[in-house]
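Reading through the structure tokens given below for one structure.
The first residue of the sequence shown is numbered 1, and numbering continues consecutively from there. Start at 1 and go down the list; that is how both ligands and their atoms are numbered.
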Amino acid sequence: MFYALVIFGVILLWVLKNHMKWRKEILNHIEKIDGPKAYPFIGTLYLFFGVKRSDVYKTICTTAEQYKPVFRTWTKSTPEVHIMKPEHIEIVLRSSVLITKGKIYELIRPWLGEGLLISTGAKWFQRRKMITPAFHFRILEHYMEVFVEKSKQLVNILESKSNGEIFDIYPYITHCALDIICETAMGVSVNAMDDVTGNSYVDSLYRASELIIRRRFTPWYHSNLYYLFPEGKEFQKHLNVLHGFTSKVIGDRKQILKDNPNKKINPTFDDMLTSSKKRLSFLDLLLSANETIPDKDIREEVDTFMFEGHDTTTAGICWSLFLIGNNQDVQGKVYEELKQILGDKKCPESISDLSDLKYLECCIKEALRIYPSVPFISRKVTEDIEINGYKIPKGVYCNLHIHKVHRDPEIYPDPMKFDPDRFLPENTAKRHPYAYVPFSAGPRNCIGQKFAMYEEKTILAAILTSYKITTIDSQSTVNELAELIMRPEQGVRIRLQKR
Ligand code: HEM
């Protein structure tokens with residue numbers, strides 16, 4: 001017993017000594033970088049104490065503005081470096097080594113587990129390779145049918161709102177996007193659009209996202225003791241709803257496959273490409289992988305794709321509507337293009353139709369520039385890097401401010417002006433390739449970016465062909481909530497007029 005204690009003591013001392021050496025080295029480098037004063041135990045988290053939810057983003061922007069282009073903060077005793085210049089962002093995103101996600105994702109892990117967004121190393125690599133075919137261009141052609149059907153249904157539902165009343169279109173788009181991701185990627189109909197006033201999955205998703213951000217800025221919530229606080233218990237309650245919904249989706253799809261002998265249970269990529277198997281989905285790939293994927297892992301991937309696959313596109317569509325409805329000249333040009341390309345059709349019906357809607361695409365890109373659905377991403381620095389002359393040592397976290405690079409006046413003059421022409425080929429040619437990264441870039445870029453663009457274009461084209469929209473709030477009055485997803489706090493209040 002005595003010897004065991006001595007050995008344990010020696011190991012502990014050795015670990016502590018190495019840890020202190022590592023911290024001293026980190027401190028040496030990190031403290032060369034400017035940033036707000038840090039205090040013991042809380043680091044720089046005090047910046048957010050007592051700040052209203054609606055003001056958190058302003059606080060982040062003020063801090064970034066004060067210390068740009070590179071600054072450091074401390075989350076308790078963990079240093080984080082913040083970057084916002086294209087050339088710095090490129091260093092992180094291009095790396096094939098820096099693929100481990102940052103601190104904030106630890107708070108998302110109870111929800112999304114080790115799904116594609118959060119996993120790293122060999123697990124991430126293998127899954128990415130396996131899932132990529134489900135988002136191949138040829139598969140998306142089959143999904144187009146769903147985009148069109150759901151967009152037309154949405155346009156019909158909106159008919160009851162076209163009497164000049166002011167209403168928030170956000171929940172309508174959310175439910176449409178949820179129907180689309182379930183029917184395409186999961187192969188299951190959830191008919192969320194049948195009731196846009198209440199959906200427990202959507203309600204729990206919004207509240208859980210809010211609670212994750214509150215936890216991030218509240219030091220005493222960081223450990224697992226969080227679950228003993230009322231807020232932690234509430235978070236757990238919402239997790240149960242979110243996981244319950246995705247478990248049901250998986251159960252429903254398994255049942256459909258079991259009941260329908262014509263559907264091949266173990267599709268290959270080639271099967272997925274043949275038209276007779278057109279509704280074989282991403283979920284089918286997981287359910288029938290060669291080496292069996294544990295049920296828990298399937299749930300985590302479904303949770304990830306369900307969230308990433310609808311919340312991001314909803315925000316993108318809604319910010320596009322917000323801006324188009326605020327800029328009638330742009331709306332006029334979009335309508336002209338729709339008439340010219342679609343003729344009498346009320347909705348694009350093929351990918352070729354979508355490809356011809358070039359001005360609409362510029363509008364979507366410009367909306368994603370000003371209001372990127374994912375405003376920040378974060379990485380763990382797993383090998384030393386150099387940014388702006390500073391050495392950022394291994395072990396530090398690095399936050400990439402997508403929203404700041406997109407609003408940099410040196411790259412985009414008058415950055416808050418909605419000007420879709422910025423995305424005409426002649427205007428993008430000379431821009432730094434990392435000056436516009438709404439879908440991230442490099443090995444961990446968004447796997448669903450083509451899916452997202454097709455879905456956004458179809459829904460927007462369908463709405464704008466049938467209705468003229470007028471936005472009620474302006475860019476100066478809208479409150480941006482830049483949390484996991486960037487949303488307008490008060491939704492998108494509009495008026496519709498039938499064309
Ligand atoms: C406008 C819509 C979208 C935007 C702006 C967007 C943006 C992003 C960004 C910035 C990342 C990198 C996140 C990070 O590094 O933390 C990402 C990753 C990801 N996105 Fe998207 N996304 C969109 C739509 C979609 C859709 C429709 C899907 C699925 C159908 C999807 C699935 C994913 C997944 C699974 C990842 C993780 C990929 C990996 O790490 O290998 N996204 N997305």
Side-chain angles (χ1 to χ4, degrees), residues 89 92-93 95-96 98-109 112-121 123-132 134-136 139-140 143 146-147 173 176-178 180-186 281-283 285-286 300-320 361 364-380 397-403 405-406 434 436-460 482 484-487:
I89 286 186
V92 177
L93 292 185
S95 163
S96 54
L98 304 181
I99 57 162
T100 302
K101 297 299 177 84
K103 262 257 173 270
I104 175 81
Y105 300 78
E106 283 166 25
L107 304 181
I108 311 174
R109 186 168 283 135
L112 303 182
E114 291 289 315
L116 198 65
L117 181 72
I118 298 181
S119 59
T120 189
K123 179 169 183 176
W124 166 76
F125 185 78
Q126 225 179 8
R127 284 285 155 79
R128 175 94 188 194
K129 202 167 142 204
M130 179 187 168
I131 293 173
T132 297
F135 292 90
H136 187 273
I139 302 286
L140 297 180
Y143 288 171
V146 180
F147 297 162
I173 305 293
C176 180
L178 191 57
I180 287 177
I181 192 69
C182 286
E183 204 144 328
T184 52
M186 313 302 165
S281 64
F282 143 86
L283 178 53
L285 262 190
L286 297 179
E300 292 175 348
E301 295 300 357
V302 171
D303 279 316
T304 300
F305 279 81
M306 194 75 91
F307 162 58
E308 280 285 323
H310 94 281
D311 212 7
T312 47
T313 49
T314 298
I317 294 165
C318 287
W319 284 115
S320 294
E361 184 166 322
I364 295 172
K365 286 182 172 166
E366 174 70 343
L368 277 171
R369 178 188 70 79
I370 305 179
Y371 301 109
S373 308
V374 180
F376 313 92
I377 53 181
S378 171
R379 294 289 162 82
K380 184 171 187 177
Y397 291 89
C398 189
N399 292 332
L400 286 62
H401 289 238
I402 294 181
H403 66 109
V405 71
H406 284 186
Y434 287 76
Y436 182 69
V437 281
F439 295 104
S440 184
R444 294 218 68 162
N445 69 349
C446 175
I447 198 172
Q449 57 185 291
K450 275 210 188 83
F451 181 112
M453 282 309 279
Y454 292 157
E455 177 186 322
E456 285 204 24
K457 261 190 181 175
T458 314
I459 294 180
L460 284 167
L484 300 178
I485 302 293
M486 185 180 257
R487 296 183 230 280

(message) When you measure from the side chain of Ser440 to the backbone of Asn445, do you find a donor-acceptor pair of N or O atoms at a distance under 3.5 Å?
(response) no
(message) Need the ligand 1 atom indices (1-based, order shown) with element for anything under 4.0 Å from a heavy-atom of Asn445.
(response) 38 (C)
(request) Report the part of His310 in contact with ligand 1, treating N, CA, C, O as backbone and CB onward as side chain, heavy atoms under 4.0 Å; options are side chain, backbone, both, neither. (result) neither
(request) Consider every N or O of Ser378 and every N or O of ligand 1, then say whether any pair is closer than 3.5 Å. (result) no
(request) With atom 27 (C) of ligand 1 as the reference point, say which of Trp319, Phe451, Phe307 has the nearest heavy atom. (result) Phe451
(request) Looking only at distances, please establish whether an N/O atom of ligand 1 is found under 3.5 Å from an N/O atom of Arg128. (result) yes
(request) Could you verify whether a donor N or O on one side chain and an acceptor N or O on the other, from Ser378 and Asn399, lie under 3.5 Å apart? (result) yes
(request) Using a strict cut-off of less than 4.0 Å between a Lys/Arg side-chain nitrogen and an Asp/Glu carboxylate oxygen, indicate whether Glu366 and Arg369 qualify as a salt bridge. (result) yes
(request) Note the single closest protein heavy atom to atom 13 (C) of ligand 1, along with its residue, its atom name and the distance in Å. (result) Ile377 CG2, 3.7 Å
(message) Measuring from non-hydrogen atoms of Phe135 to any atom of ligand 1, is the shortest distance under 4.0 Å?
(response) yes
(message) Taking 4.0 angstrom as the limit and counting only heavy atoms of Arg379, give me the atoms of ligand 1 inside it, by number and element.
(response) 15 (O)
(request) Indicate yes or no for a side-chain donor-acceptor contact from Arg444 to the backbone of Ile99 under 3.5 Å, with no hydrogens or angles considered. (result) yes
(message) Against ligand 1, does Ile131 come closer than 4.0 Å with any heavy atom?
(response) no
(message) Is there a side-chain contact between Ile180 and His310 in this structure, where contact means two heavy atoms from C-beta onward sitting under 4.5 Å apart?
(response) no
(message) Test of understanding: with salt bridge (charged side-chain N to carboxylate O under 4.0 Å, His left out), list the residues that count as partners of Glu456, not counting sequence neighbours.
(response) none
(message) In the structure I gave you, are the side-chain heavy atoms of Trp319 and Leu368 within less than 4.5 Å of one another anywhere?
(response) no
(request) Out of Ser373, Pro375, Pro438, indicate the one that has the non-hydrogen atom closest to atom 7 (C) of ligand 1. (result) Pro438
(message) Considering atom 21 (Fe) of ligand 1, could you give the total of protein N/O/S atoms lying closer than 2.8 Å?
(response) 1
(message) Under the criterion side chain to side chain contact (heavy atoms under 4.5 Å, CB included), I'd like the reasoning laid out for Ile317 against Glu455: C-alpha separation, chi angles, the key distance, then a yes or no.
(response) CA-CA 9 Å; Ile317 294 165; Glu455 177 186 322; 4.2 Å; yes
(message) Aromatic contact between Phe135 and Tyr143, with the criterion being ring centroids under 6.0 Å apart: yes or no?
(response) no
(request) Check whether any side-chain heavy atom of Thr314 sits under 4.5 Å from a side-chain heavy atom of Arg487, and report yes or no. (result) no
(request) Distance to 0.1 Å, residue and atom name: give those for the protein heavy atom nearest to atom 15 (O) of ligand 1. (result) Lys101 NZ, 3.1 Å
(request) Using a strict 4.0 Å cut-off to heavy atoms of Leu116, name the atoms of ligand 1 that fall inside it. (result) 35 (C), 39 (C), 40 (O), 41 (O)
(request) For residues Lys101 and Ile377, determine if any side-chain heavy atom of one lies less than 4.5 Å from a side-chain heavy atom of the other. (result) no
(request) Just need the protein heavy atom nearest to atom 16 (O) of ligand 1, so name the residue and atom and give the distance. (result) Tyr105 OH, 2.4 Å
(message) Does this structure show an ion pair linking Lys123 with Glu114, if we count only N-O contacts that are shorter than 4.0 Å?
(response) no
(request) Give a yes or no on whether the ring-centroid distance for Phe305 and Phe282 is below 6.0 angstrom. (result) yes
(message) If the cut-off is 4.0 Å to any non-hydrogen atom of Phe305, which atoms of ligand 1 fall inside it?
(response) 29 (C), 35 (C)
(message) Can you confirm whether the side chains of Ser373 and Thr312 place a donor and an acceptor under 3.5 Å from each other?
(response) no
(request) Mark the output for Glu456 as yes if a heavy-atom distance to ligand 1 is under 4.0 Å, and as no if none is. (result) yes
(request) Could you tell me whether Ile181 approaches ligand 1 through its side chain, its backbone, both or neither, with non-hydrogen atoms closer than 4.0 Å? (result) side chain
(request) Check ligand 1 against Trp124 and write out every atom of the ligand that is under 4.0 Å from a heavy-atom position of the residue. (result) 39 (C), 40 (O), 41 (O)
